[in-house]
Amino acid sequence: MTVNAETHAGGHTWRDLPAAQQPDWPDQEALRDVIAELESYPPLVFAGECDQLRERLGAVARGEAFLLQGGDCAEAFDAVSAEHIRNKLKTLLQMGAVLTYAGSVPVVKVGRIAGQYSKPRSKPTETRDGVTLPTYRGDSVNGFEFTEAARIPDPQRLKRMYHASAATLNLVRAFTTGGYADLRQVHAWNQDFVKSSPSGQRYEALAREIDRAMNFMNACGVDPEEFRTVEFYASHEALVLDYESALTRVDSRTGHLYDVSGHMLWIGERTRQLDGAHIEFAARVRNPIGVKLGPTTTPEDALTLIERLDPEREPGRLTFITRMGADKVRDKLPELVEKVTASGAQVAWICDPMHGNTFEAASGHKTRRFDDVLDEVKGFFEVHKSLGTHPGGIHVELTGDDVTECVGGGDEIFVDDLHQRYETACDPRLNRSQSLDLAFLVAEMYRDQ
Ligand SMILES: O=C[C@H](O)[C@H](O)COP(=O)(O)O
Ligand SMILES: C=C(OP(=O)(O)O)C(=O)O
Ligand SMILES: [Mn+2]
């Protein structure tokens with residue numbers, strides 16, 4: 001990997017275009033210094049890993065694998081601890097085991113992790129008790145605390161984002177390749193959970209079946225290396241383009257540009273303007289790219305995005321993450337899938353059942369109903385079944401902690417419980433039990449389709 005003139009020429013063409021949702025940095029000179037420093041830092045991921053994920057997502061696009069993408073809405077610097085990271089990873093590994101075993105499908109595991117620090121917002125300011133301040137835009141930009149000082153965008157935070165991502169990724173790599181993710185640990189991931197929750201008990205029963213299957217294979221003399229480690233990738237929304245572009249490098253093997261801040265990047269619903277800077281940036285890098293598609297997306301938008309981001313029609317390059325809302329998915333998704341399929345493009349279709357189903361509870365908490373989340377996934381499966389296309393995966397906001405942010409689930413959380421452990425810095429996440437519930441239900445849907 002090298003940083004050279006080509007990096008700058010190739011990586012910075014977005015600067016000529018309007019970029020939505022960028023921080024209003026008060027000190028441009030300080031920003032320039034930070035960018036220069038970030039440009040000198042080593043990559044967080046290797047370009048070859050991005051290529052490997054592109055291949056895995058190609059299998060998703062062809063209907064041969066299922067994508068599980070999940071993690072926080074907004075990671076926070078003060079949550080970069082072994083406990084938080086392990087809990088999140090454990091939850092994703094458990095969901096992966098459920099989907100692989102009960103859904104009988106290879107699962108590509110991708111975290112919203114190690115870089116998910118920047119947030120697009122619907123309003124530029126927030127008012128509390130008559131005081132109006134700039135809105136919180138993620139730990140990469142400003143502080144969550146409601147004070148004037150905390151809410152001023154500070155470019156030094158971009159360096160903290162890099163270091164927090166590096167520390168997180170380091171532990172994730174250690175856990176996934178160092179023995180913790182070994183399938184023989186399938187019970188251990190559930191240990192602190194089993195007695196207290198219906199989904200934990202259901203998981204324990206499945207883990208026993210996996211154990212039996214492994215013992216059987218072992219007795220037959222089969223002990224595959226694939227059981228010892230897990231392939232796990234990192235993804236985040238490519239939002240703050242100064243950061244993403246400072247971490248873009250020319251791959252010395254191929255001469256192509258890669259954004260080495262994460263394996264997969266996605267462009268959000270609020271920044272996917274066809275003539276905007278984010279799509280231009282994403283078009284220049286070789287990472288696998290996701291684009292969020294909300295209910296106002298037209299088939300023409302989708303086809304133009306394919307033209308811009310996947311001109312070679314390479315399965316795995318482009319993932320459409322649809323987030324329509326439970327009440328709209330059956331209406332809005334069919335035409336998009338139909339027209340994209342008719343064009344000959346082979347994108348991966350993934351369902352984000354979170355972002356179209358947010359509402360404010362009477363208590364003032366931003367929340368989501370588990371039943372709405374489930375209903376959007378059901379609608380997504382129905383649409384793909386009726387069109388003969390592949391429901392490629394789910395993209396969810398979750399945490400491994402027992403928070404009370406979304407209502408419903410087998411171990412039911414009520415609106416009146418929300419205040420108990422409402423810890424998110426932005427959107428409400430499924431807790432561990434709700435995440436496992438969802439995995440079991442999605443596995444059933446996948447098997448039945
Ligand atoms: O994931 C993020 C949120 O959906 C996005 O930031 C919008 O949230 P807001 O309406 O609270 O700004
Ligand atoms: C902001 C997000 O989603 P969307 O762009 O779909 O609104 C998100 O994924 O946190
Ligand atoms: Mn969110």
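Computed from a prediction, not measured in an experiment: that's the story for all the values here.
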Candidate list Glu397, Glu360, Glu376, test salt bridge (charged side-chain N to carboxylate O under 4.0 Å, His left out), partner Arg368, passing option | Glu397

Can the ring centres of His395 and Trp266 be said to be less than 6.0 Å apart?
-> yes

Step through it carefully: locate the ring centre of Tyr243, locate the ring centre of Tyr162, and say whether they are under 6.0 Å apart.
->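 They do not qualify: ring centres at least 6.0 Å apart.
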
Distance alone, cut at 3.5 Å: any donor-acceptor contact between the side chains of [X] and [Y]?
{"X": "Gln21", "Y": "Arg137", "answer": "yes"}
{"X": "Gln116", "Y": "Asp72", "answer": "no"}
{"X": "Asp301", "Y": "Thr304", "answer": "no"}
{"X": "Ser118", "Y": "Ser140", "answer": "yes"}
{"X": "Thr125", "Y": "Thr135", "answer": "no"}
{"X": "Thr389", "Y": "Thr341", "answer": "no"}
{"X": "Tyr233", "Y": "Gln52", "answer": "yes"}
{"X": "Thr367", "Y": "His365", "answer": "no"}
{"X": "Glu75", "Y": "His84", "answer": "no"}
{"X": "Asp259", "Y": "Ser261", "answer": "yes"}
{"X": "Thr297", "Y": "Arg272", "answer": "yes"}
{"X": "His187", "Y": "Glu204", "answer": "yes"}

When you measure from the side chain of Asp182 to the backbone N and O of Gln185, does any donor-acceptor pair fall under 3.5 Å?
->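 Flag not set: sc Asp182 to bb Gln185 has no pair under 3.5 Å.
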
Could you tell me whether Asp24 atom CG has more than 12 heavy atoms of other residues or ligands within 6.0 Å of it?
-> no

Does NZ in Lys90 sit with more than 12 non-hydrogen atoms of other residues, nucleotides or ligands closer than 6.0 Å?
->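 Counting other residues, nucleotides and ligands, NZ of Lys90 exceeds 12 neighbours.
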
Heavy-atom side-chain contact between [X] and [Y] under 4.5 Å:
{"X": "His236", "Y": "Arg112", "answer": "no"}
{"X": "Leu31", "Y": "Leu158", "answer": "yes"}
{"X": "Glu64", "Y": "His390", "answer": "no"}
{"X": "Phe380", "Y": "Ile350", "answer": "no"}
{"X": "Leu293", "Y": "Ile321", "answer": "no"}
{"X": "Ile394", "Y": "Val377", "answer": "yes"}

With Phe66, the side chain to side chain contact (heavy atoms under 4.5 Å, CB included) member among Val442, Val60, Val108 =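 Exactly one option meets the side chain to side chain contact (heavy atoms under 4.5 Å, CB included) with Phe66, and it is Val442.
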
Lys NZ or Arg CZ of Arg184 over Phe227 ring: under 6.0 Å, within 45° = no

Check whether NZ of the Lys or CZ of the Arg Arg86 lies under 6.0 Å from the centre of the six-membered ring of Phe175 and within 45 degrees of that ring's axis.
-> no

